[in-house]
Amino acid sequence: MYVRDYSSRKYIIIGFFVLVALIYIVRLFYLQVIDNRYKLSAKNIVLRYEKQYPARGNIYDRNGQLLVYNEALYDLMVIPGQVKGLDTVAFCALLQIDTAFFRSQMEKARHYSNYRPSVFLKQISKEEFGMIQEKLYQCPGFYPVTRTLRHYPVPVAAHVLGNVGEVNQREIDKDPYYQAGDYIGKSGIEKYYEPELRGVKGMKILEVDVHNRVKGSYQNGKYDTVAIPGKDLILSIDASLQQYGEQLMQNKKGSVVAIDPNTGEILVMISSPGYNPNMLVGRQRSVNFERLLNDTLKPLLNRAVMGTYPPGSTFKMINALVALQEHAITPGTMFTCQGKESRPIRCTHTHVSPLGLKHAIQESCNSYFWNTFRNTLNLPKYNDPKIGYEHWYNDIKSFGFGSKFNTDIPYEVSGNIPSPAYYDKVYNGRWNALTVRSLSIGQGEILVTPLQLANLVAIIANSGYYYEPHFLKKIENLPDDSTLYGKKIWTAVEPKYYKVAREAMLEVFEADHGTARYYKMDSIQQCGKTGTVQNPHGEDHSMFIAFAPYENPQIAIAVVVENSGYGSAWAAPIASLLMEKYLTGEVKRAWYEKKMLEGDLIHNKTKDKEH
Amino acid sequence: MKSRESIIGNVDWVIVLLYFLLVFFGWLSIYASSGGDTAGSVFDLSTRYGKQLLWIGLAVVMIVAVLLIDAKFFSSFAFVFYGAMILVLIGVLLFGKTVAGSRSWFQIGSFAIQPSEFTKFATALAVAKYLSMTHVDMKNLKTPVIAMSLAGFPALLILLQNDTGSALVYASFALVLFREGFSGSVIFFGFVLAVLFILTLLFGEIYMISTIALLLILLLVFFRKTRKNYKSIIALFLLSSAFVFSVNYAFQNVLEPHQKKRINVLLGIEEDLRGAGYNVNQSKIAIGSGGFTGKGFRQGMLTRYNFVPEQSTDFIFCTVGEEWGFMGTSVVILLFLGLLVRIVVLAERQRSRFSRIYGYGVVSILFFHFAVNIGMTIGLAPVVGIPLPFFSYGGSSLWGFTLLLFLFVKQDADRLKVL
């Protein structure tokens, strides 16, 4: 029988083997060498990128007093899959939580993942944690992570310091540095100096297994970056003076700004009513924020830079200075309170008439300043009150009014000095000194902030110039930052004209009939000017600007107490007490201090209204 | 003394070398894929690599034993081995232990043994024995039917253990039949059926039947329009339509949901990265992330940290891919190809039909395992849980494959004794 030999089929078989092997090798070449998708997904699967948060910089006051630091807190994390044999009752007792909370947190965590950590209990204080830590080893599946929160050992200057909170979506969109869960300065200095304070985040790359357990560092940390801690700031604020001022202003609505006229450094910035900065920290932040936001007294508002007031009589001095500069008057010019010329704005005080400039400042004579203002606008050399006004306008602006300083002061508003164009528009181009006469006594469309008023005092104290007001004194490891802010700026009024204003302000304290004569001190020569601002909504605002000492001034201050009547009643003693404390380190006038501390202009008023 | 020397002289050292290379590379991969940052002693029996080392040692003992036994012993007792293994398989069905859904294990003390791994060599012996019997004629249709039944019976028992992958291996005996002269066109027909099967699942019966009709009409245009051709075309159409319909029916009603899912995922009909497709996707990521040169020994993070399931058994190839990159994977494939080709070459030089047929049985089984196991890790074959020969962790599979291979090596060494 013929038997066919099929041995040639081995070639088909071997060919088939070779073909399959070839297909596999080509496929592997594609998977491993050409297609990069898999390398990327491998990294995504295996590597966990753990952010390393740098410590936020501390903030100190000008004397080295710590104002803001980071307090260590603990979040208790749970990995539900690892919780075994837990004595729930004892555990709840340890954490001081109830079992319902325990169950709901565990449920939430389990819902998220059995293998990944969830926050079980947030922000446990150091003290509480000490007790928990001792027993935590008995509770597998639970472990602590350290968090930091801002803490304010001297709870002052909340408006200035601002606060820190979790970033929102808008902030994330704006700056890719931030990721959900990061903290960011939300307001105040914390916001303005965010880049300096926050430092630079680091990144630790870890290898994890399929159950998300950390297995070690990726490539021995070759690609890790170290977090760079934030820089410390030293502010110009004087914490003890700020605290004292806040006490004096308690139960009053208003604000205080004090500046060192030699540098433009802001020593005190108070807005009352305020709040304890520790309220806007941690677990209570959102609750408290909501409460402060809804408070009718608006404690979140920084009145010192956002509150705008007609400056009233305090503005008369600057009107006089401009008039002197424009040669509309001389220090010897006398005006009378009576007669047709003085009629548009009558004088409300009783004093000798006619009177000179210095005397008029002391007496705050309305008629005198109306005459001065009219002369300024109607100067013969311009032959047009509008041109005269334009000069007046530019001179006033050189004092920092009507614009922001644009330094590191958060939420400044510019106030308002009406421009010639504005009046042209309102009065269809037909207006003169008489039309805008309210400006002569600091009323009308003029609006200024307490900060601008304090700066005005600094200008008078310096006889003609100011340094831009600012908060920053120094950033850690950087040379003294006086060059960054605090540029010296000259006003349009020459130094020689300030003499009369300074002398007049001195007499407000020193003269027998000075409006602040009760607050005179033997040790220090104080200079001031009261202002009473008409308030269409209620009782007048009391205003007082002052500097001291007369020779070589160290502090310039503006105080506004809303709805408190005459400037001399509340604003003047508060300014004087603050100057005393700053210059001598203590307050000897206990009686005034007591009266100011106890004075309650908010609750008494409400009580009156209820009647 | 003389005969032992002749064994050493006659053993095909190429195969032995390839075997030990694969076993060594396999053990390295098992060692690398075991987690744990500080690897203890490689002899630590609490670890997989420690145990595997023990299995390898026992495999070497087994090899020595096989080489010492007369080759005739295996051919003479082929049916005895086969019958014994069938009994053991039935025993497993009755008394076995269920692991991962398959009732295919015997528990002996703390070790479990999987008899189906040893059925392969017994079946190869039996098929070789049957086909080499003098009265057997490949032209007779009975012959392939009986041969495939010999292979099919253990497959059926293994299918009953719910171990589909291991059962499918026995289909590889078709290759043996092909070499022995079984009609190539029948195997081609089977291939066409398989293609029809897949296309039906991919495109649905309506498209398939219309496409088949169109193709057949085209055939009519080109062929002579004889009555006979008309008849066969119509018959072909009816047959293929019936097949397409039954495939659809079988797929919808016979297959288990998880099997349907695996086939769907393989065909790309379903994207399922959480369920059945998860293994393949993770496996592809692990292999793909290896790049050209790999991440280095014990640096394969995906395999070490358990991202690839079964990475020391069925998905051991991922470790090679991730840690040794394309260099490693292509070397392993070339090693396997070398082994397969070498066995074919050796089989062809056998004087006895029995040895040749057994050699082809060995190469068919190894090829099937190689092609399906590596194919599934790179997404070219369905995920059926079968091990990569000599690589995958597990004593049963290592010993099964070792016996399978070295029975052939022994027969080859003794080939000159056959008259």
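With rounding to the nearest 0.5 Å, the separation of CZ in A:Arg27 from OG1 in B:Thr377 is 9.5 Å. Rounding to the nearest 0.5 Å gives a distance of 11.5 Å between NZ of A:Lys39 and CD1 of B:Ile285. Between the OG1 atom of B:Thr329 and the CG atom of A:Leu28 there is a distance of 4.0 Å, given to the nearest 0.5 Å. To the nearest 0.5 Å, atom OH of residue A:Tyr38 and atom NZ of residue B:Lys284 are 4.0 Å apart.
Residue contact with chain B, scored on non-hydrogen atoms closer than 4.5 Å, involves the side chain of A:Ile14 exclusively. With a 4.5 angstrom heavy-atom cutoff, B:Phe367 touches chain A only via side-chain atoms. Heavy atoms of A:Ile34 lying under 4.5 Å from chain B are absent altogether. The parts of B:Phe178 that come within reach of chain A are both its backbone and its side chain, each placing non-hydrogen atoms under 4.5 angstrom from that chain. Interface residue B:Leu337: only side-chain heavy atoms are found under 4.5 Å from chain A.
No side-chain heavy atom of B:Leu340 sits less than 4.5 Å from a side-chain heavy atom of A:Phe16.
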Go through B:Phe326 and A:Ile25 one step at a time and tell me if the side-chain contact (heavy atoms from CB on, under 4.5 Å) criterion holds.
CA-CA 8 Å; B:Phe326 177 69; A:Ile25 287 179; 3.8 Å; yes
List the steps and the verdict of side-chain contact (heavy atoms from CB on, under 4.5 Å) for B:Leu175 and A:Phe17.
CA-CA 11 Å; B:Leu175 201 69; A:Phe17 290 171; 3.9 Å; yes
Going through the distances and angles, do A:Gln32 and B:Ser289 end up as a side-chain contact (heavy atoms from CB on, under 4.5 Å)?
CA-CA 6 Å; A:Gln32 299 190 288; B:Ser289 69; over 6 Å; no
So A:Leu22 and B:Ile333, side-chain contact (heavy atoms from CB on, under 4.5 Å) or not? Walk me through it.
CA-CA 9 Å; A:Leu22 210 64; B:Ile333 284 177; over 6 Å; no
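Among B:Glu348, B:Arg356, B:Glu180, B:Gln299, the residue with the largest count of heavy-atom pairs under 4.5 Å with chain A is B:Glu348. Comparing A:Ile23, A:Asn36, A:Val33, A:Ile13 by heavy-atom pairs within less than 4.5 Å of chain B, the highest count is held by A:Ile13.
Counting non-hydrogen atoms of neighbouring residues, nucleotides and ligands closer than 6.0 angstrom, the NZ atom of A:Lys201 exceeds 12 such neighbours. Counted within 6.0 Å of CE on A:Met131, heavy atoms from surrounding residues, nucleotides or ligands total 12 or fewer; the atom is thus considered open. Atom NZ of A:Lys231 has 12 or fewer heavy atoms from other residues, nucleotides or ligands within 6.0 Å.
A tilted orientation is assigned to the rings of B:Phe370 and A:Tyr24, their planes being inclined by 30° to 60°.
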